[in-house]
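Have a look at the structure below before the remarks.
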There are 2 protein chains.
Amino acid sequence: MAVDRDRFKSLLKEKGFKMTRQRLVVLEVLAENPEQHLTAEEIYERVKVENPDIGLATVYRTVQLLLELELIDRINLDDGFIRYEIGSIEEKEHHRYHHLICMRCGKVSAFQDDMLEALESGVREALGFQVIDHEVKLYGYCKDCLEKETNNRLQEERV
Amino acid sequence: MAVDRDRFKSLLKEKGFKMTRQRLVVLEVLAENPEQHLTAEEIYERVKVENPDIGLATVYRTVQLLLELELIDRINLDDGFIRYEIGSIEEKEHHRYHHLICMRCGKVSAFQDDMLEALESGVREALGFQVIDHEVKLYGYCKDCLEKETNNRLQEERV
DNA sequence: GTATATGCAAATGTTTTGCAGCTAA
DNA sequence: TTAGCTGCAAAACATTTGCATATAC
């Protein structure tokens, strides 16, 4: 996924920001790693490969800016890091975070589902709360870990 | 909601822990403030009223212990604090965190809903991911804020 | 030219940890 | 008695901020 330089530039200009090499590179790293939920440190390491002079503080300042511009999403997996990933193109108005977090291997994958719209309208009617955005995290065991466990069990029974 | 001292004691004993005044008081504070999603600091302040000699580190160590014993739940509202609240009695196997977070006044309220079970079984079938626990956060505007906004608008029109 | 952005280092603020003394069992 | 717990202070950690310099426009 390539970054549209000119669109980025005019998006920045709209809000009085300047286009810089650092901002472009941070956005590019995120665009090149979709659904990778990178931490600031991870973004920093990848940016440094081609831009060794960049500072970690700039990465932190840039992700905040990109969040403001709604170009990226923030994900909190409760492991002490805030993570970022490029926003999906299809669903611009509603940011939908649905993440499957494996409690064994820690792998995180995303999925899409519109089922929660029913929940949201229910909340509106029952409690008078108007939902603007939501975040859903499902914790459990991924396919791979479930299969491994089954294999181990079979092996144990054989012994 | 009073804490059952003896049950707490035997629960600790089961895992080789000791019952202490500090642990009991921390649990009591959480039991007396259901659905209050207190931070460690807030728990500390409330505990100190009757136990001025307690240390903040003990509060941190105790909430970790209570989480392990599944007596309390952890909530992360992405505001830089980890919050804790007493676990609800009815739903022991599944910890269900559903929180409504007002983007205007910051008020947090909880609600209960079993709708997500359908989502979970769907995820199991489609992706092979076995869901054990989930967390849902809905961001939006609470009833009070919506009403205030409406009132303000009416007043502006009148002027 | 000037307003904005950067890099560095220092500060921040929450949470964790080391350790000597204390307490429950 | 002794294994486990506590309080204190220091450390650890991700993230933010101040400031002088550099850069975009």
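The sequence lines fix the lettering, A, B, ..., with proteins before strands; numbering per chain opens at 1. All values reported here derive from a predicted model rather than from experimental measurement.
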field: Thr20(A) side chain, from C-beta outward: closest of dC5(D), dT17(D), dA24(D)
entry: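 Nearest listed nucleotide: dA24(D).
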message: Taking the minimum atom-to-atom distance to the side chain of Ala57(B), which one of dT17(C), dC8(C), dT15(D) wins?
response: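 So the side chain of Ala57(B) is nearest to dT17(C).
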Measure from [atom1] on [X] to [atom2] on [N] and round the result to the nearest Å.
| X | N | atom1 | atom2 | value |
| --- | --- | --- | --- | --- |
| Phe81(A) | dT14(C) | CZ | P | 19 Å |
| Leu56(B) | dT15(C) | CG | C1' | 8 Å |
| Leu24(B) | dC5(D) | CG | P | 15 Å |
| Leu38(B) | dT14(C) | CG | P | 15 Å |
| Gln22(A) | dC8(C) | CD | C1' | 14 Å |
| Asp53(B) | dC22(C) | CG | C1' | 12 Å |
| Arg83(A) | dA14(D) | CZ | C1' | 12 Å |
| Lys13(A) | dA5(C) | NZ | C1' | 17 Å |

task: Test Arg124(B) against Leu146(A) for side-chain contact (heavy atoms from CB on, under 4.5 Å), laying out the working first.
output: CA-CA 11 Å; Arg124(B) 172 73 216 231; Leu146(A) 285 173; 4.1 Å; yes
message: Can you work out whether Gly16(A) or Gly80(B) has the more 5'-proximal nearest nucleotide on DNA chain C?
response: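 Going by which nucleotide is closer to the 5' end, it is Gly16(A).
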Is there a side-chain polar atom (N or O) of [X] under 4.0 Å from OP1 or OP2 of [N]?
| X | N | value |
| --- | --- | --- |
| Tyr60(B) | dT16(C) | no |
| Gln64(A) | dT16(D) | yes |
| Lys9(B) | dA25(C) | yes |
| Arg23(A) | dT6(C) | yes |
| Thr58(B) | dG7(D) | yes |

- request: Look only at the side chain of Lys137(B) and the backbone of Asn76(B), and say whether a donor-acceptor pair between them is shorter than 3.5 Å.
  value: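 The answer is yes, because a donor-acceptor pair under 3.5 Å joins these two groups.
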- request: Please confirm whether His98(A) and His134(B) have ring centers closer than 6.0 angstrom.
  value: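 Ring-ring flag for His98(A)/His134(B): false, centres at least 6.0 Å apart.
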message: Suppose we call a contact any N or O donor and acceptor under 3.5 Å apart; does that hold for the side chain of Lys18(A) and the base of dA3(C)?
response: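 For Lys18(A), whose side chain was compared with the base of dA3(C), there is a donor-acceptor pair (under 3.5 Å).
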Nearest-nucleotide 5' precedence on DNA chain D, Ala40(A) against Arg21(B):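 Closer to the 5' end of DNA chain D: Arg21(B).
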message: Check for me, please, whether Leu38(B) and Leu65(B) land in the same ILVMFWY cluster - side-chain distances under 4.5 Å, paths through other members count.
response: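 Shared cluster, yes.
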message: Taking the side chain as everything from C-beta on, heavy atoms only, tell me whether Leu71(A) gets closer than 4.5 Å to Leu11(A).
response: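 When only atoms from C-beta onward are counted, Leu11(A) and Leu71(A) do touch, with a gap below 4.5 Å.
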